[in-house]
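Throughout, protein chains are lettered first and strands after them, A, B, ... in sequence-line order, and every chain is numbered starting at 1.
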Amino acid sequence: MSSLPPQFFALDADTVARGLLGATLLFQGVGGVIVETESYDTADPASHSHKGRTSRNASMFGVVATAYVYRSYGIHWCLNLVCGTQPGGAVLIRALHPTHGLDVMATRRGLDTERLLCGGPGRLTQALGISIEHDGLPLDAEPFQLIAGAAPAIVVVGPRIGITKNAAALRRFGIAGSRWLSRGFGREVSTQSVPRYNEGH
DNA sequence: CCCGAGATTGACT
DNA sequence: GTCAATCTCGGGA
């Protein structure tokens, strides 16, 4: 069981978003395998960081390998991992394959069907108990734990969900065939494999 | 100051 | 398929 090296998060957001697929994300021991991500950076009009720093997105401009947690639609929390070659980059964690603490997640989620425990950015923060209190925390220390895992054989790529600016950019990444994705990917399939940070345990 | 848009979700027709 | 819930931000009055 190996942690993701800190320098991994200094790579560009697209590479990090791909490379996180297959890794295990735990929060206080609860979580699962990352199966879906999206990448953002300051050059991207869809990114919260595009128009500069505000009180909400401040942690996006902090050091890499920390969490950026923001409130979505006034109701939900969304978890990003800060990364990039320049300040202002992040990867949104959109879905997990739940493997640790399923009972805790089910309680927090209100006895949902298993597939909806962690499938969706708002759902997974609720299942793991992540909120604004955890904004800015480092990812290599409790309560977070990030463990490298087996690289997926095939990564699917497509447009990001729920955005209108720069909507055509192919910056959503998923493990092909996973039943834990928040939504399907249509036909845009990439056979590119991920970089080397996901060697098997 | 007011108001619309937004990296969402769940309830409902 | 439609729609409301309810924070944060930014643009216009």
Side-chain angles (χ1 to χ4, degrees), chain A residues 9 12-21 25 27 31-32 34-62 64 66-84 86-96 98 105-136 139 155-175 178-186 188:
Chain A
F9 290 95
D12 66 278
D14 298 276
T15 302
V16 173
R18 279 181 179 275
L20 284 170
L21 298 174
L25 169 69
F27 185 83
I34 298 171
V35 299
E36 182 183 341
T37 59
E38 287 179 358
S39 56
Y40 294 87
D41 55 45
T42 52
D44 184 348
S47 174
H48 290 166
S49 59
H50 182 61
K51 291 182 178 175
R53 180 175 177 144
T54 68
S55 61
R56 175 175 72 159
N57 69 15
S59 52
M60 267 188 108
F61 293 88
V64 299
T66 57
Y68 163 45
V69 180
Y70 73 92
R71 201 190 267 291
S72 174
Y73 288 91
I75 300 175
H76 307 101
W77 300 108
C78 289
L79 171 68
N80 296 252
L81 311 189
V82 176
C83 65
Q86 308 271 22
V91 169
L92 172 69
I93 307 300
R94 285 198 56 93
L96 304 178
M105 291 194 245
T107 301
R108 289 177 177 149
R109 292 276 300 126
L111 300 178
D112 264 333
T113 64
E114 203 176 59
R115 209 194 72 77
L116 295 178
L117 282 184
C118 295
R123 292 178 180 134
L124 80 86
T125 55
Q126 185 182 31
L128 271 58
I130 294 172
S131 74
I132 192 65
E133 305 162 40
H134 314 294
D135 182 44
L139 300 173
V155 174
V156 281
V157 181
R160 292 168 293 185
I161 305 292
I163 60 167
T164 56
K165 298 166 194 159
N166 200 15
L170 301 180
R171 304 195 80 181
R172 176 178 175 232
F173 307 90
I175 294 180
S178 171
R179 85 178 188 95
W180 304 104
L181 298 173
S182 67
R183 299 167 56 165
F185 269 81
E188 284 116 330

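Nucleic acid contact for A:I75: base, since at least one base atom lies under 4.0 Å from a heavy atom of the residue. A:R71 comes within contact range of the sugar-phosphate backbone alone, with a heavy-atom separation under 4.0 Å but no base atom that close. In this structure, A:I163 reaches the sugar-phosphate backbone alone: every heavy-atom distance under 4.0 Å involves primed, P, OP1 or OP2 atoms, never a base. Nucleic acid contact class of A:R109 (heavy atoms, under 4.0 Å, all strands): sugar-phosphate only.
Between B:dA7 and C:dG1, the two C1' atoms lie 23 Å apart (nearest whole Å).
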Dot-bracket notation for DNA chain C, counting Watson-Crick and G-U pairs under 3.5 Å, with | for partners on another strand = |||||.||||||.

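Heavy atoms only, all atoms of each residue included: A:C118 and A:A127 are closest at SG-CB, 4.2 Å. Residues A:S39 and A:F173 come closest through the heavy atom pair OG-CE1, 3.7 Å.
Remark: aromatic rings of A:F27 and A:H134 are close, center separation under 6.0 Å.
Ion pairing between A:R109 and A:E114 fails under the 4.0 Å rule for side-chain N and carboxylate O.
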Please walk me through it: do A:V16 and A:F9 pass side chain to side chain contact (heavy atoms under 4.5 Å, CB included)?
-> CA-CA 6 Å; A:V16 173; A:F9 290 95; 4.1 Å; yes

Could you walk me through whether A:V82 and A:L139 pass the side chain to side chain contact (heavy atoms under 4.5 Å, CB included) test, one step at a time?
-> CA-CA 9 Å; A:V82 176; A:L139 300 173; over 6 Å; no

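Applying the salt bridge (Lys or Arg N to Asp or Glu O under 4.0 Å) definition to pairs two or more places apart or across chains, those involving residues 36-48 of chain A are A:E36-A:R94, A:E36-A:R172, A:E38-A:R94, A:D41-A:R171, A:D44-A:R160, A:D44-A:R171. Applying the side chain to side chain donor-acceptor pair (under 3.5 Å) test to every pair with at least one member in residues 68-78 of chain A, sequence neighbours left out, gives these pairs: A:H48-A:Y68.
Checked against side chain to side chain contact (heavy atoms under 4.5 Å, CB included), A:P87 has the following partners two or more places apart in sequence or in another chain: A:F61. For A:Q86, there are no side chain to side chain contact (heavy atoms under 4.5 Å, CB included) partners two or more places apart in sequence or in a different chain. Considering only residues two or more places apart in sequence or on other chains, A:N80 meets the side-chain hydrogen bond (donor to acceptor under 3.5 Å, both in side chains) condition with none of them.
Between the side chain of A:N57 and the backbone N or O of A:M60, no donor-acceptor pair lies under 3.5 Å.
Residue A:T37 forms a side-chain contact (heavy atoms from CB on, under 4.5 Å) with just one option from A:L92, A:L21, A:D14, and that option is A:L21.
Nucleotides of DNA chain B with any atom under 4.0 Å from a heavy atom of chain A span, from 5' to 3', B:dG6 to B:dG10. On the nucleic acid side, DNA chain C contacts chain A at distances under 4.0 Å to non-hydrogen atoms, with the end points of that region at C:dA5 to C:dG11.
For DNA chain C, the neighbouring residues in residues 43-58 of chain A, judged by any heavy atom under 4.0 Å, are A:K51, A:T54, A:S55, A:R56.
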